[in-house]
Amino acid sequence: MKKAGLNYLLLLMALPLLAACSDEEATAPAATVQVELQNMVGVQPLQLDASTYTSPAGDTYVVSNFKYYISNVKLISSKGEATFLEPESYHLIGGEGKTTFELKEVPAGTYDKIELSIGVDEAHNHSTDQVGDLDPSNEMVWDWDTGYKFLSLVGTYTGDTGNGGLVFHVGGDVNYKTLTLDLPQALNLRQQPNATLRLQADVNELFQNPNLIDFDVMHAGGHGAGPSMIAENYSNGFLKVVEVK
Amino acid sequence: MLRRPYTLLVGLLSLYLFFLASCTGEQEEVSPMAESFALGVPANLATSVPYPDRNPLTHEGVALGRMLFYDPVLSKTGTVSCATCHQQEKAFTDGKALTTAGVSGKPLLRHVPSLVNLAWMPGLFWDGGAKDLESLSFGPLTHPDEMGQDLKALAQKLQQHSQYPQLFKKAFGTDSVTSAAITRALAQFQRTLISANSRYDKYVRHETGGDLSELELEGLTLFQEHCSSCHATGFFTDNSYHNNGLDSSFSPDHEALAYGRGRISGTPEDVGKYKTPTLRNIALTAPYMHDGRFQTLEEVLEHYSAGVVYSASLAPELQQQGRLGIPLSPSEKAKLIAFLQTLTDESFIQNSAFSKPQ
């Protein structure tokens, strides 16, 4: 009786050894997925300082600096076959930041959606002593009101009644937006272990859908209702996946 | 007979635990050399010093923070250190209403706050905009009228310094200098700036040297009656935000700086509110208020007794029984000031652990 009990205990103890050391990911072939981001204005690639663009409200503008955070990137299979969440997923896109990043160790499977957020989640947004893309030396933080600028667009505008600087710094927990984007074709990592997802961000979409931004009325903002209008816009049509290759 | 299976079982068990541990993989890397720093806290203040999990106090971290605090290399020009405006002999203030000691020489828009018992403050700056000590330091470091420092350039300067990389390695386990490591070290040092050894504290703790005069005791009674709802004893602040009737209107200039807490919370009810400053070492930290408008404690009490003006967010404590402010007779003011002077902590301003490292 006693011996049987001990054997049983040993068996119980052995179970976690088997489970803990054999992660499913380790046995399934893992793939690397490249994510490329290109900033556009309409159908033209965004050119800093060099080009004058027309906003949806009919004002003209020039962009001298444009950057934003893409975070918590997830690949989703709508059949529920697999989901992949990138660990420590914070990417500063544009400016001196990146235009591309790699999702590593993605479990093999077929994915048809990508989920990502614009901004920095609440758990990371209330302290700025962080490293990598969240390093405050990237000048995407507010020091007087601790937090990250989720999106920063700086330039100049000429409106119907005025002209001057265009300074949109959008942040605050309410403006952290999670988007689910359809891939134009399914990504099968078993057949395509080194794929690239090509995404485009359209600056003009910051200024429309659903809120038309007239620079004569609003040409600056950090907190409050104005920037939230831009945040609503960037959660709606600003980013799309244009190619799986 | 029983001994062998027992030994075997222990052996198996340790092997088992070893395997389990090796499978968990990601373990938070703890700096192997840094020694944890246990700070004594006076009993009438708190039972322990709070800190965030990501930045525990260590001897090496505190020492590095102290060195950085006193080092003008932190500023763009190499001429301004934290201690330029936060001077120990003045309980880490600088005696100016609006200091001009920053790299640009322009006056700041708010008065230098005292650095004391910061570990227990949930919001920092006069409006609580900085959410923790680690994040706070980026403000003065980068502000063009304070230290004017680009953070990338700062990390580079310290990385190329003859001493700092090894000190960062001792404190944080890596000699790679990051913005985060710089302010974490500064935060560790600032958490050690604890003041609770004034004559008043000794009185509360029934220690020798804790004698208060009749005048001071009467002042204490008046204080408890009129002041302690905001300047709650212990820390002498409730760490909250109040409008104490300094102004009747609040300018939207300078990105609505005068809105105080209202600028942070974005709610109209908070416009004109500021964080209750601690009264510890108050006799050393003149001038007073968020803009240093009052030169003396007498002027401060005169304000509370006869100078309070109305605005929508005025503290209810300052508008009772149909009148503004707190009625105080000249003798009551004298008693209050006598009591406030018992909050001076000589051992705090003389503590060599807080002074410029040699």
Side-chain angles (χ1 to χ4, degrees), chain A residues 2-3 5-7 9-23 25-26 87-88 96 105 120 122-148 167 169 171-175 220-228, chain B residues 5 9 12-13 15-26 52 54-55 109-110 123-143 146 149-156 174 176 178-187 255-257 263-266:
Chain A
K2 207 173 161 191
K3 203 174 170 189
L6 187 66
N7 283 342
L9 181 71
L10 284 172
L11 186 67
L12 264 181
M13 286 166 72
L15 280 174
L17 287 184
L18 293 174
C21 290
S22 64
D23 291 343
E25 290 93 303
E88 283 304 302
E96 307 79 40
E105 311 259 321
V120 175
E122 201 169 338
H124 289 79
N125 193 29
H126 295 181
S127 295
T128 52
D129 57 317
Q130 301 188 62
V131 295
D133 283 13
L134 294 177
D135 189 313
S137 70
N138 294 320
E139 297 184 355
M140 283 292 274
V141 297
W142 283 292
D143 296 319
W144 58 271
D145 183 11
T146 309
Y148 285 87
V167 182
H169 291 154
D173 293 332
V174 294
N175 293 327
H223 290 62
S228 285
Chain B
L9 196 64
L12 278 174
L13 192 68
L15 247 163
Y16 169 77
L17 288 174
F18 173 78
F19 275 117
L20 266 195
S22 67
C23 285
T24 55
E26 268 181 69
R54 66 183 189 282
N55 193 24
L109 299 169
R110 283 185 187 153
L124 301 142
F125 296 144
W126 280 97
D127 52 20
K131 295 189 178 75
D132 57 29
L133 268 177
E134 282 75 8
S135 309
L136 160 121
S137 299
F138 295 121
L141 277 171
T142 59
H143 193 289
E146 298 186 44
Q149 180 67 67
D150 174 81
L151 293 177
K152 281 198 167 75
L154 177 60
Q156 224 164 39
T174 164
S176 160
T178 60
S179 313
I182 294 166
T183 63
R184 284 181 189 180
L186 284 168
E255 296 182 348
L257 192 80
R263 184 186 186 222
I264 303 300
S265 69

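By convention in this document, chain letters (A, B, ...) are assigned in the order of the sequence lines, proteins followed by strands, and residues within each chain are numbered from 1. Side chains are part of it too, since the values below use all heavy atoms of this structure and drop only hydrogens, waters and symmetry mates.
Using modelled atom types, no side-chain atom of A:T146 and backbone atom of B:S135 make a donor-acceptor pair closer than 3.5 Å.
Interface residue B:F138: backbone and side-chain heavy atoms are both found under 4.5 Å from chain A. With a threshold of 4.5 angstrom between heavy atoms, B:S179 approaches chain A through its backbone and through its side chain. For chain A, the nearby part of B:D150 is the side chain; its heavy atoms alone come within less than 4.5 Å. Interface remark: B:S137 contributes no atoms to any contact with chain A (heavy atom separation under 4.5 Å).
Expressed to the nearest 0.5 Å, how far NZ of B:K131 lies from OG of A:S127 amounts to 9.0 Å. Atoms NE2 and CG, on A:H126 and B:D132 in that order, are 10.5 Å from each other to the nearest 0.5 Å. From B:L141, atom CG reaches atom OG of A:S137 across 12.0 Å, with rounding to the nearest 0.5 Å. The distance from the CG atom of B:D127 to the CH2 atom of A:W144 is 8.0 Å, given to the nearest 0.5 Å. Atom CG of residue B:L136 and atom CG of residue A:D143 lie 9.0 Å apart, to the nearest 0.5 angstrom.
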Pair B:R54-A:D129, salt bridge (Lys or Arg N to Asp or Glu O under 4.0 Å): steps then yes or no: CA-CA 10 Å; B:R54 66 183 189 282; A:D129 57 317; 2.8 Å; yes

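Taking every heavy atom of both residues into account, A:V131 and B:A180 meet most closely at CG1-CB, 4.2 Å.
In this structure the side chain of B:K152 reaches within 4.5 angstrom of the side chain of A:N138, judged on heavy atoms.
With respect to B:R263 and A:D145, no salt bridge is recorded, no charged nitrogen being found less than 4.0 Å from a carboxylate O.
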